[in-house]
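Everything on this sheet refers to the single structure shown next.
The chains referred to below are lettered A, B, ... by the order of the sequence lines, with proteins before strands, and numbering in each begins at 1.
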Amino acid sequence: MRYSEMFLPTVREVPSDAEVISHQLMIRAGMIRKLTTGIYSVLPLGYRTVKKVEQIIREEMDGAGAQEVYLPAVQPAELWEESGRWKFYGKELLRFKDRHNRECCIGPTHEEVITDLVRNEVKTYRQLPRNLYQIQTKFRDEVRPRFGVMRCREFDMKDAYSFDADEKGADLSYEKMFKAYTRIFSRVGLNFRPVEADSGNIGGAYSHEFMVLADTGEDALAFCSACEYAANLEKAEIAKPAALQIDPSQFKALETIHTPNVRTIEEVSAFLGVTPQDIVKTLIFVADGKAVAVLIRGDEEVNEAKLRNFLGADAVELATDDIVLAATNSPKGFAGAIGIKADVYADYSLMNRVNVVMGANREDYHVKNANLGRDYGVKAFADLRIVKESDSCPRCGKPVRFARGIEVGHVFKLGTKYSKAMKATFLDRDGKEKFMIMGCYGIGVGRTVAAAIEQQHDAQGILWPMSIAPFHVIIIPVNVKDENIAKAGEELYRELEEAGLEVLLDDRDERAGVKFNDADLIGIPVRVTIGPKSLAAGNLEIRMRKTGEMKTIPVKEARAFIKDLVKGELKSLNDPNH
RNA sequence: CGGGAUGUGGCCCAGCCUGGUAGGGCACUGCGUUCGGGACGCAGGAGUCGCGCGUUCGAAUCGCGCCAUCCCGACCA
């Protein structure tokens, strides 16, 4: 491709509305332009990289036995009503009516469509397993799109769905996808890590997220400093402490104390001269419409995802003031477990605690020396809190560490959630009708591209891995008005294209500095400079974008040298053991 | 949905407080010089100052309303 003919509008200044580096660089490098909030056009340079990522995904999905399909973006409401998600999906689902007044939506994901397709065609265990995937435009009407293509409303996603006859098969399908994802992100050249994850409202029992490690990542991860354990913070477990024998003789007498206008943990600990660890925080939540109380140590935070999973609820949120009043007979700030009108659950942090402070369920009063069994009861103890730096690994007990990551892929075991709701059944070998066991597997294509930039850039611009670089090589004839230089550039361009490389020839009549800066910005891995002095000596200069390493080589050897360079890098990225 | 900020040629921004003929840099067009890390000179083109209403002799500037965008929070595969 000739630069002079390419639609490649680079920008010198940093766009004012771009927060993160990948967003800034994608705009500056002429990869994307914003159309409206959370919706972007992809320009030629950006699309070249997108297509490369898609190609890697296709090769690995096909290699893992999945088959590509192309499903509709617009979907009828009936399917969503069948799965029950028409009600639950909320405002993120973009809904509209067609001319016949039929309710429709633009697919934010495709479980319903694929389940409908497969239930109509697959009737027997002989047709299983199947794994179908597509690369489709999704629309999720995010509350707050941000960070460019990292969190936008319209985006391309690879989504795969597996259907199996039994659990064993489903496990195998999951494992195949897990391995394929590992290969995909390795080939894309990312530093990533699979972590255990909460499955959110897609549903299902078990899932892993593939996280690209980056400080700007939206997700917090906890991982073990010693073993392989890694999890999203919202999922990261805390081991159950051993229950000790508590001797009731150490229970002190329960006291009720006047604590006027003392509500928060800080206020209570200051007022009573105790530490936050001595206080029990009582939080009222509403789980699927029902009030529940959660007890937790004063210095800990409740993890709502854990609570939701523990209760098996679809939705959990902090209770409003009127619900708190109904459950505790007092305004916010004085809730406690004694006599509360709600089911009470306690976090593990409260196991074995005696003589604690908690709200008295009476305005301006707290109690001291409350004890489990004597003064209050709990329905169950559970792991309900957010992991902290001081916690230890739930598997091996060593210290946990934290990092931030960008979720680029997610694999789920769905089980029979959708096949049951939508009656996707088959006849098994024993002649019995059974529900298919499903899995679903997503990769955010644009987000993967953005994550690659987030992870690999410098002050000058992008540092593409060879496998997803929009071009392998950029040739810069320093002065196109110099006939010898221009000619040498054209010749090398032709030779390298013939050799099967993707080459951008910067044939613009621009000053060298402009060309160098653009080349650095758009991040082409190999730069070939053709200048008057070296050319007169029969040489060219080759510079590696990532390392800045420079080599002068004879023009005659250029073709073979550059070809080996590019093919060598591609090979090492594509080698799963690299 | 709550809090904050911003809207001025294609882009980045000044001007607004203290009302009086709309500016700079980048980009763009032409000519000349220059030519290995974002050149220089000269000459040009391009803006109903987000929209509406009001105050005023006069509004980018003051007031009210609306819209949009961005940031923080809530929320979120």
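- Here the P atom of nucleotide B:C35 and the CG atom of A:Asp507 are 21 Å apart, to the nearest Å.
- Here the separation of B:U48 from B:C11, taken at their P atoms, is 13 Å to the nearest Å.
- Under the 4.0 Å criterion applied to side-chain N and carboxylate O atoms, A:Lys481 and A:Asp509 are assigned as salt-bridge partners.
- Residue A:Gly531 is in base contact, counting any heavy-atom pair closer than 4.0 Å across all strands shown.
- Among the protein residues, A:Arg447 comes within range of no part of the nucleic acid, since none of its heavy atoms lies under 4.0 Å from any strand.
- Here B:G37 presents its P atom at 11 Å from CD of A:Glu541, a figure rounded to the nearest Å.
- Note on A:Thr37: a side-chain N or O is less than 4.0 Å away from OP1 or OP2 of B:C70.
- Nearest-nucleotide assignment on RNA chain B puts the 5′-proximal partner with A:Pro15, out of A:Pro15 and A:Phe155.
- Base contact: A:Val143 has a heavy atom under 4.0 Å from a base atom.
- Comparing the same atom, C1', in B:U21 and in B:C12 gives a spacing of 26 Å after rounding to whole Å.
- A salt bridge is absent between A:Glu111 and A:Lys417: the closest approach of a Lys/Arg side-chain nitrogen to an acidic carboxylate oxygen does not fall below 4.0 angstrom.
- The A:Thr529 side chain lies nearest to B:G36 when the options are B:G36, B:C71, B:C26.
- Taking the P atoms as reference points, B:C67 lies 15 Å from B:G52, given to the whole Å.
- Candidate nucleotides B:C70, B:C71, B:C11 were compared by shortest atom distance to the side chain of A:Arg144, and B:C71 ranks first.
- OP1 or OP2 of B:C13 has at least one side-chain nitrogen or oxygen of A:Ser16 nearer than 4.0 Å.
- Pair check for B:A27 finds none; no Watson-Crick or G-U wobble contact set falls under 3.5 Å.
- Across all strands shown, A:Ser534 has heavy atoms under 4.0 Å from base atoms, whether or not it also approaches the sugar-phosphate.
- Of the candidates B:G37, B:G36, B:C11, B:C11 carries the atom nearest the A:Glu13 side chain, counting heavy atoms from C-beta on.
- Where A:Phe516 and A:Glu209 each meet RNA chain B at their nearest nucleotide, the meeting point lying more 5' is that of A:Phe516.
- Other residues, nucleotides and ligands contribute more than 12 heavy atoms inside 6.0 Å of the CD atom of A:Glu5.
- Taking atom CZ of A:Arg511 as the reference point, atom P of B:C40 lies 8 Å away to the nearest angstrom.
- Nucleotides B:C49 and B:A60 are separated by 5 Å at their C1' atoms, to the nearest Å.
- Using a cutoff of 4.0 Å between basic side-chain nitrogens and carboxylate oxygens, A:Arg545 and A:Asp458 are scored as salt-bridged.
- With respect to A:Arg559 and A:Glu491, no salt bridge is recorded, no charged nitrogen being found less than 4.0 Å from a carboxylate O.
- Distance A:Asp17 CG to B:G10 C1': 15 Å, rounded to the nearest Å.
- Rounded to the nearest Å, the gap between the P atom of B:A14 and that of B:G3 is 26 Å.
- Atom CD in A:Glu218 sits about 14 Å away from atom C1' in B:G73, given to the nearest Å.
- With a cut-off of 3.5 Å on both Watson-Crick or G-U wobble distances, the partner of B:U21 is given as none.
- Taking the six-membered ring for Trp and thresholds of 30 and 60 degrees, A:Phe210 and A:Phe185 have ring planes inclined between 30 and 60 degrees apart.
- Using a cutoff of 4.0 Å between basic side-chain nitrogens and carboxylate oxygens, A:Lys551 and A:Glu549 are scored as salt-bridged.
- We find that CG of A:Asp141 is positioned 18 Å from P of B:C75, with the value rounded to whole Å.
- When the side-chain nitrogen and oxygen atoms of A:Lys34 are compared with OP1 and OP2 of B:C70, one or more of them lie within a distance under 4.0 Å.
- Within the shown strands, B:A68 is the pairing partner of B:U6 under the Watson-Crick or G-U definition, both distances less than 3.5 Å.
- Here A:Phe147 lies out of heavy-atom contact (under 4.0 Å) with every strand.
- Minimum atom distance to the side chain of A:Arg146 is reached by B:C71, of the listed B:C70, B:G38, B:C71.
- Under the Watson-Crick or G-U wobble criterion, with both distances below 3.5 Å, B:U61 has no partner in any strand shown.
- Nucleic acid contact for A:Pro532: base, since at least one base atom lies under 4.0 Å from a heavy atom of the residue.
- One N or O donor and one acceptor, one from the side chain of A:Asp520 and one from the base of B:G37, sit under 3.5 Å apart.
- Side chains of A:Arg119 and A:Met422 form a contact here, defined as non-hydrogen atoms less than 4.5 Å apart.
- Spacing of C1' atoms, B:G41 relative to B:U56, comes out at 46 Å, to the nearest Å.
- Straight-line distance from the CG atom of A:Asp518 to the C1' atom of B:G36: 15 Å, rounded to whole Å.
- Across all strands shown, B:U34 forms no Watson-Crick or G-U wobble pair with both distances under 3.5 Å.
- Residue-level contact check: A:Glu92 touches the backbone only, with heavy atoms under 4.0 Å from sugar-phosphate atoms and none from bases.
- As rounded to whole Å, 16 Å separates atom P of B:G37 from atom CD1 of A:Ile474.
- Between B:G38 and B:C75, the two P atoms lie 49 Å apart (nearest whole Å).
- Checked against B:U34, B:C75, B:G73, the side chain of A:Glu304 finds its nearest nucleotide in B:C75.
- Separation of the C1' atoms belonging to B:G9 and B:G23 is 11 Å when rounded to the nearest angstrom.
- Within 4.0 Å (heavy atoms only), A:Asp482 reaches no atom of the nucleic acid at all.
- Residue contacts for A:Arg33: at a heavy-atom cut-off of 4.0 Å it reaches no nucleic acid atom on any strand shown.
- Salt-bridge check for A:Arg58 with A:Glu54: passed, with a basic side-chain N closer than 4.0 Å to an acidic carboxylate O.
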